[in-house]
Amino acid sequence: MKPCIFCRIASGEIPAGIVFEDEETLAFLDHRPLFPGHCLLIPRGHMETLIDVPARLLSQLSLKTRSLAIAMEKALSAQGAFIAINNRVSQSVPHVHIHVVPRTKGDALKGFFWPRQKYRDPEHMEEVRVALERSMEQMAEGDKE
């Protein structure tokens with residue numbers, strides 16, 4: 001049985017628009033974003049559901065989720081973020097992942113009917129990825145001070 005797609009992304013086997021990575025976590029652009037900048041944050045190790053995540057790692061995922069939300073406000077002029085985890089039901093990939101989606105007032109995201117938007121082109125996707133990556137790096141540098 002071959003590893004799940006997120007494990008393959010985490011191992012570098014499949015390229016992804018990586019925004020942030022450390023030894024235990026990885027954030028990358030969703031290939032079908034609700035809005036440009038929509039990221040998925042995953043643990044590097046395979047864990048199917050939130051229940052499988054050890055408390056220490058859950059704490060790290062929570063801190064990285066917060067950092068991504070802040071990075072979106074800074075890098076993309078978002079007014080906030082939508083954060084979601086599907087746990088088993090509606091979980092499209094059986095590897096726990098946190099959706100962090102940039103939001104602005106009037107962006108038409110209503111309830112659970114989410115119109116997906118595409119990046120204009122691969123260059124637009126890369127621009128968004130670089131902006132978020134830089135914002136995450138700047139915050140990490142600030143945490144060290």
Side-chain angles (χ1 to χ4, degrees), residues 2-88 90-109 112 114-145:
K2 70 180 181 181
C4 79
I5 192 161
F6 289 172
C7 288
R8 294 172 67 201
I9 289 170
S11 73
E13 180 184 341
I14 296 177
I18 295 172
V19 170
F20 169 82
E21 60 184 315
D22 61 20
E23 289 183 15
E24 297 183 295
T25 64
L26 176 73
F28 54 93
L29 296 175
D30 190 311
H31 77 285
R32 290 183 45 227
L34 295 174
F35 301 111
H38 176 172
C39 290
L40 300 177
L41 175 65
I42 64 169
R44 283 187 176 276
H46 186 77
M47 294 165 219
E48 286 193 19
T49 68
L50 191 61
I51 296 162
D52 301 322
V53 180
R56 182 195 57 72
L57 181 54
L58 187 57
S59 174
Q60 291 302 310
L61 286 168
S62 181
L63 289 170
K64 298 306 177 199
T65 299
R66 178 181 178 270
S67 294
L68 276 169
I70 293 168
M72 287 175 181
E73 289 185 18
K74 291 180 177 182
L76 306 176
S77 299
Q79 295 172 321
F82 171 72
I83 297 164
I85 302 171
N86 288 313
N87 203 49
R88 291 190 182 98
S90 296
Q91 189 175 357
S92 58
V93 176
H95 185 126
V96 68
H97 55 285
I98 303 167
H99 294 264
V100 185
V101 182
R103 297 292 313 270
T104 56
K105 186 172 178 158
D107 61 17
L109 187 63
F112 291 97
W114 302 337
R116 299 285 180 152
Q117 295 186 8
K118 295 181 179 181
Y119 291 96
R120 288 186 307 267
D121 50 41
E123 292 77 19
H124 179 225
M125 184 176 182
E126 181 62 7
E127 281 175 29
V128 171
R129 186 199 70 75
V130 168
L132 288 169
E133 179 183 58
R134 286 182 182 149
S135 188
M136 289 291 287
E137 288 170 353
Q138 290 168 353
M139 284 189 298
E141 290 170 11
D143 288 349
K144 294 176 185 175
E145 296 175 358

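The chain is numbered in sequence order, starting from 1. For the numbers below, each heavy atom of this structure counts, side chains included, while hydrogens, waters and symmetry mates do not.
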Identify the two heavy atoms, one from [X] and one from [Y], that lie closest to each other, and give their separation to 0.1 Å.
X: M47; Y: P54; value: SD-CD, 3.8 Å
X: L29; Y: C39; value: CD2-SG, 3.9 Å
X: A69; Y: V100; value: N-CG1, 4.0 Å
X: G37; Y: L76; value: CA-CD1, 3.9 Å
X: I85; Y: V96; value: CG2-CG2, 4.4 Å
X: M139; Y: I70; value: SD-CG2, 3.3 Å

NZ/NE/NH1/NH2 to OD/OE distance under 4.0 Å, E24 and R56:
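A salt bridge is present here (some side-chain N lies under 4.0 Å from a carboxylate O).
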Hey, are R129 and E126 close enough for a salt bridge, meaning a charged N less than 4.0 Å from a carboxylate O?
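Looking at R129 and E126, the cut-off is met.
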Does the side chain of [X] reach to within under 4.5 Å of the side chain of [Y], using non-hydrogen atoms?
X: L57; Y: T25; value: yes
X: E73; Y: P102; value: no
X: F28; Y: I42; value: yes
X: K64; Y: D22; value: yes
X: F6; Y: L40; value: yes
X: H97; Y: S92; value: yes
X: V19; Y: L41; value: no
X: E127; Y: P36; value: no

Parallel, tilted or perpendicular: which fits the ring planes of H38 and H99, with parallel below 30° and perpendicular above 60°?
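H38 and H99: tilted rings.
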Expected output: side-chain [X] to main-chain [Y] donor-acceptor under 3.5 Å:
X: S67; Y: L63; result: yes
X: T65; Y: L61; result: yes
X: R44; Y: A10; result: yes
X: Y119; Y: H31; result: no

Does the pair K74 and Q138 meet the rule for a side chain to side chain contact (heavy atoms under 4.5 Å, CB included), with working shown?
CA-CA 11 Å; K74 291 180 177 182; Q138 290 168 353; 5.9 Å; no
More than 12 non-hydrogen atoms from neighbouring residues, nucleotides or ligands closer than 6.0 Å to CZ on R32, yes or no?
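No, CZ of R32 has 12 or fewer neighbouring heavy atoms, counting only those of other groups under 6.0 Å.
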Roughly how far, to the nearest 0.5 Å, is the [atom2] atom of [Y] from the [atom1] atom of [X]?
X: I14; Y: I9; atom1: CD1; atom2: CD1; result: 5.5 Å
X: K118; Y: M125; atom1: NZ; atom2: CE; result: 13.0 Å
X: L68; Y: M72; atom1: CG; atom2: CE; result: 5.5 Å
X: L58; Y: Q60; atom1: CG; atom2: CD; result: 10.0 Å

